[in-house]
Amino acid sequence: MTDRSADSTTLLSRLRTDGIEHFWVIYHDYGGRPQAKTLPPESFDSAANSGVVFAMANLNMAADDHQSLGATLLADAGDFLALPDPRSYAVLPRYPRTARCHAWMRATDGSVWDGCPRTRLDAAIADLRDLGYSVQAALEPEFYLLTPNERGDYEPINTTRMFSQAGLAAAHEFVDRVIDELRAMGVTVAQLGKEYGPGQYEMSVRHADPIRAVDDYFSLKEAVRDVAREQGYVATFMPKPYAHWSGNSLHVHLSLWDAAGERDVTPSDQDETSLSQEGSWFLGGIMAHLDALTGLGSPTVNSYKRLLPGSWAPANTYWGYGNRSGVVRIPGVGGRRHLEVRSPDNSAQPYLLLAGLLAAGADGIRRRIEPPPPFQGDIGHLTPEEIDRYGIGELPRSLPQALAALQADEVVAGAVGETALKHFLTVKRHELATYDIHVHPWERETYLEII
Ligand code: GLU
Ligand code: MG
């Protein structure tokens with residue numbers, strides 16, 4: 001169902017042969033939210049060849065749908081064109097005669113616009129190719145399935161346990177539907193399992209080139225949301241929906257290949273566990289740029305309620321073999337060896353996150369950055385003295401810290417690019433400012449009768 005060839009003629013003929021009458025052209029804003037217009041057949045030709053008009057000002061809208069404080073893309077900022085990328089073509093079987101493409105954001109004269117997150121990832125891929133490498137990626141999200149209750153709140157659809165058969169049985173209609181839906185969109189689900197939290201599940205798809213990996217991730221996220229709604233559920237990918245239950249991660253799996261994408265060069269050929277020299281440098285680069293990468297991978301106030309020691313969500317800057325408490329894990333042995341970056345969550349703008357990860361890894365290769373030695377414990381179970389002894393650092397503990405680190409990191413900020421970085425920071429700092437002036441239920445519970 002998915003055609004990866006890349007020209008508008010192929011796209012137009014797919015739309016025709018699939019009998020499509022509603023063509024959704026989608027871009028993802030700096031918060032990673034899918035924004036779309038639908039086109040009837042009369043507009044297919046111009047959409048495929050010239051793109052679809054959207055308002056620039058929307059790119060400075062934050063998650064609360066308000067114009068961000070300090071916005072520079074205002075009412076007079078004009079338009080951009082969302083030019084469908086034919087490689088991302090997929091039918092949406094759950095909607096009649098409907099297909100979608102993800103889009104490149106272009107200036108109104110059709111020229112490349114460097115504020116486009118998808119374009120920035122493409123540039124990071126090209127940069128790595130110039131160095132003689134390519135990357136295969138897979139994004140593995142976790143999410144909760146909830147049902148709305150009479151109190152205007154939500155509760156998990158079940159209380160089944162981690163990886164339990166009961167967890168699959170309890171949600172089997174959802175599970176079957178979502179896997180079938182994705183298959184019909186050309187996305188092969190590798191596995192789906194019940195996660196630790198009540199009503200929490202996780203899914204993974206087969207690895208692919210980074211742009212395709214993001215396309216597949218968005219297909220997955222929207223299919224999960226839509227099928228959940230069909231079943232009377234609400235799906236949330238929010239990083240930490242409940243303080244006392246496990247958070248929702250977005251583990252990013254990366255392996256380094258030769259430029260032609262024919263040979264996986266991540267594992268060492270000397271043994272079954274270690275990384276090759278260039279695989280180690282790639283890891284070294286990611287470890288060296290962790291603070292800035294946290295600004296991309298954990299870009300909401302809620303993200304920092306997830307990144308806590310002893311929770312399998314990393315809070316510290318170590319990596320290890322098979323170690324689920326570290327920020328990077330090398331899962332598996334033999335041919336399965338690759339990097340699993342564990343700190344990101346689903347509030348990320350995944351094009352920008354992957355652009356940052358690729359650029360950090362490329363910097364590691366260019367500067368031959370050796371990673372620190374692996375650490376095999378769980379820092380959540382160590383005393384402060386032990387942590388000091390091992391010399392293990394902390395990931396940024398808050399969003400302001402992480403955004404400042406992102407801004408200060410020439411390599412990661414460079415990959416995001418001046419324009420995208422400016423607007424990303426505007427939107428994120430707006431969310432921070434509005435969060436800061438809110439009074440949260442915890443504050444009333446704790447102080448109301450006390451102070
Ligand atoms: N739920 C954990 C997190 O928020 C990850 C659990 C796992 O290892 O899959 O990071
Ligand atoms: Mg998991």
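Here, residue 1 is the first one in the sequence, and each next residue gets the next number. From a predicted model like this one, the values you see are computed outputs, not experimental measurements. Both ligands and their constituent atoms are indexed starting at 1 by order of listing.
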Mind checking whether S249 contacts ligand 1 via backbone (N, CA, C, O), side chain (CB onward), both or neither, at a 4.0 Å heavy-atom cut-off?
both
Pairing donors with acceptors under 3.5 angstrom, does anything connect the side chains of Q277 and E370?
yes
Would R229 and D226 pass as an ion pair if we require N to O under 4.0 Å?
yes
Looking only at distances, can you tell me whether any N or O atom of S311, backbone or side chain, sits closer than 3.5 Å to an N or O atom of ligand 1?
no
Do the two ring centres, one from F218 and one from H102, sit under 6.0 Å apart?
yes
Would you mind listing which atoms of ligand 1 come within a distance below 4.0 Å of any non-hydrogen atom of S246?
1 (N)
Would you call R336-D264 a salt bridge at under 4.0 Å N-O?
no
For this output row, return yes or no: ring centroids of Y133 and W281 closer than 6.0 angstrom.
no
With heavy-atom distances below 4.0 Å as the criterion, list the atoms of ligand 1 near E202.
9 (O)
By atom name, which N, O or S atom of E195 is the nearest to the Mg ion (ligand 2)?
OE2
Closest approach to the Mg ion (ligand 2) by E142, given as the N, O or S atom name:
OE2
Polar proximity ligand 1 side, E142 side, N/O cut 3.5 Å exclusive
yes
As a test of reading the structure, name the N/O/S atom of E202 that is nearest the Mg ion (ligand 2).
OE1
Are N58 and Q35 linked by a side-chain donor-acceptor pair shorter than 3.5 Å?
no
